[in-house]
Protein chains: 2
Amino acid sequence: MDGLFSINELAEAFDISARAIRFYEDKGLIAPERVGSRRVYTKRDRGRLQLILRGKRLGFSLAEIREYLDMYDQDPTQQAQIRLLLEKVSERRMQLEQQMIDIQDTLSDLEDIETQIKARL
Amino acid sequence: MDGLFSINELAEAFDISARAIRFYEDKGLIAPERVGSRRVYTKRDRGRLQLILRGKRLGFSLAEIREYLDMYDQDPTQQAQIRLLLEKVSERRMQLEQQMIDIQDTLSDLEDIETQIKARL
DNA sequence: TTATTAGTTAACGTTTACGTAAAGTAATTC
DNA sequence: GAATTACTTTACGTAAACGTTAACTAATAA
């Protein structure tokens, strides 16, 4: 229990299913040790899972996330790959900025409608 | 040509496939007139398509977008439904805010790595 | 008249990210 | 020793959003 977790502990901690975690393993995103047949996750594995979930929240596919994780694992002097990730993140940020504009446009449309409603009362 | 569009014109204008536009029709999101068997889109249809794409950018499913479009079509005095949409948009905005935090966390991680790299040189 | 262009319907295929049994094992509890 | 708990693998199922032939039609250009 000293910094080690079962699959269900992690599932509960991150509010995802154990199935999901196994799926990430299937896809090569995480590779916990085994004790017998059971998966045992270290703190480091936990951090990795956190990175996976952050990637998901950012809208990246598991395949993309895997690439980034592999990159993190490799020798961190691979500047080129870090630039690639920076680009991806920057792309994503541009998308988010567009989404923010979309949100504001939508809210503005809704305000118009509400104004019209109130005008009728 | 006076405010009327073919399916391919719209596809090109919005940079999506004609197949996609037909698919939206299949799902009941848009219903252009026909001239013979061919679809003809009015300016209003065009606006509708724009709303669809905005919804998509916001991460809503076509089913959800359909609900909102139906709502726009109905008598706009249905306050309850507008509140529902406002809620959905607000939820989405919260997600976006989380994503912004994720982006910043990621950028900050990357900065750390870059700093380490530079320190080694 | 014969291509070519632009559109049509129908229907099966594809990808992603899991959900959901089914059937089994290993360790603990009563 | 029987039941419960916590896992395991295998494998088929699912939903969303189109992509991709295939086979056809109608209008226009050469």
Quick one, [X] and [Y] - any side-chain contact, counting heavy atoms below 4.5 Å?
X: B:Thr106; Y: A:Leu51; result: no
X: A:Ile113; Y: A:Ile117; result: yes
X: B:Gln95; Y: A:Arg57; result: no
X: A:Arg38; Y: A:Ser6; result: no

Subject >> For atom CG of A:Leu4 and atom C1' of D:dA6, their distance in whole Å >> reply: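 About 17 Å, once rounded to whole Å.
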Original post:
How many Å lie between CG on B:Leu53 and P on D:dC18, as a whole number?
Top reply: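 It works out to 9 Å between those atoms.
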Original post:
When we call it a touch if two heavy atoms are under 4.0 Å apart, what does B:Arg22 touch: a base, just sugar-phosphate, or nothing?
Top reply: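 The residue B:Arg22 makes base contact.
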Please write out each protein N/O paired with an N/O of nucleotides 16-19 of chain C under 3.5 Å, distance rounded to 0.1 Å.
residue : atom : partner : partner atom : Å
C:dA17  : OP1  : A:Leu62 : N            : 3.1
C:dA17  : OP2  : A:Leu62 : N            : 3.4
C:dC18  : OP1  : A:Lys56 : NZ           : 3.3
C:dC18  : OP2  : A:Tyr24 : OH           : 2.9
C:dC18  : OP2  : A:Lys56 : NZ           : 2.3
C:dG19  : OP2  : A:Ser17 : OG           : 2.5
C:dG19  : N7   : A:Arg19 : NE           : 3.2
C:dG19  : O6   : A:Arg19 : NH2          : 3.0

Original post:
Is the shortest side-chain N to carboxylate O distance from A:Glu33 to A:Arg39 below 4.0 Å?
Top reply: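 No salt bridge links A:Glu33 with A:Arg39.
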Subject >> Full working for side chain to side chain contact (heavy atoms under 4.5 Å, CB included) between A:Arg66 and A:Lys27 >> reply: CA-CA 8 Å; A:Arg66 187 199 161 149; A:Lys27 295 295 167 185; 6.0 Å; no
Original post:
So which pairs with a foot in residues 46-56 of chain A pass salt bridge (charged side-chain N to carboxylate O under 4.0 Å, His left out), sequence neighbours left out?
Top reply: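 Residue pairs with at least one partner in residues 46-56 of chain A: A:Arg48-A:Asp73, A:Arg54-B:Asp109.
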So which protein nitrogen or oxygen atoms get under 3.5 Å of nucleotides 24-27 of chain C's nitrogens or oxygens?
none

Original post:
Which heavy-atom pair separates B:Ile30 from B:Asp45 by the least distance, and what is that distance?
Top reply: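 Minimum heavy-atom separation between B:Ile30 and B:Asp45: CD1-O, 3.6 Å.
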